[in-house]
Amino acid sequence: MRYWLFKSEPATWSWQDQVAKGAAGEEWDGVRNYQARNFMREMALGDRGFFYHSQSEKAVVGLIEVCATSHPDSKADDPRWDCVDIRALKPLATPVSLATIKADPQLAEMALVKMSRLSVQPVSEAEFRHICALGDTDPD
DNA sequence: GCCAACGTTGGC
DNA sequence: GCCAACGTTGGC
């Protein structure tokens, strides 16, 4: 299993919006960046990831699961844009802020820190487990 | 609100 | 194919 991070502006699509979609999940549409799209094409059913609030909040707030592999983005008028569907699993008991991540030497190599504009990015298993621990949340 | 980083576009 | 101009993202 691989691990990922999905970034969203809460004003546009928040964790609460994601939770409201329930087990059926929702298409992660709107990505118009090749790197982010290519990561979504690599995702497998059951891959796990973080839901991150950018802008005002800047924190990892929840755990998600990939529930549909890559398919054309239904909201794109250009066939080059694919996306996956994800569903909310559970919130982090304690959100893990960007400041916390930046201050942690074990997380210094994360794309979140090094490539701040990338909206869909891979997370290593060690990073995934560490952030779950910081968030007082069972990764399973 | 500002600015740095970075992706895209279009002229040459 | 290069590069300047411009737009967008996201942290501060």
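Chain letters run A, B, ... following the sequence lines, proteins first, then strands; residues in each count from 1. These values consider heavy atoms only, across backbone and side chains, with no hydrogens, waters or symmetry-generated copies.
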- Item | Pairs touching residues 79-91 of chain A that satisfy salt bridge (charged side-chain N to carboxylate O under 4.0 Å, His left out), sequence neighbours left out | R41(A)-D82(A), E65(A)-R87(A), D78(A)-R80(A)
- Item | ring pair (Phe, Tyr, Trp, His ring centres under 6.0 Å) pairs, two or more places apart, involving residues 58-94 of chain A | Y34(A)-W81(A)
- Task: Please name all residues satisfying side chain to side chain donor-acceptor pair (under 3.5 Å) with W4(A), sequence neighbours left out, ordered by chain then number.
- Result: D47(A)
- Residues two or more places apart in sequence or in another chain: which of them pass side-chain contact (heavy atoms from CB on, under 4.5 Å) with A93(A)? D136(A), T137(A)
- Message: With a strict under 4.0 Å distance from non-hydrogen atoms of chain A, what nucleotide opens and what nucleotide closes the contacted stretch of DNA chain B, reading 5' to 3'?
- Response: dA5(B) to dT8(B)
- Message: Under the ring pair (Phe, Tyr, Trp, His ring centres under 6.0 Å) definition, can you give me all pairs with a residue in residues 102-140 of chain A, not counting sequence neighbours?
- Response: Y3(A)-F128(A), F50(A)-F128(A)
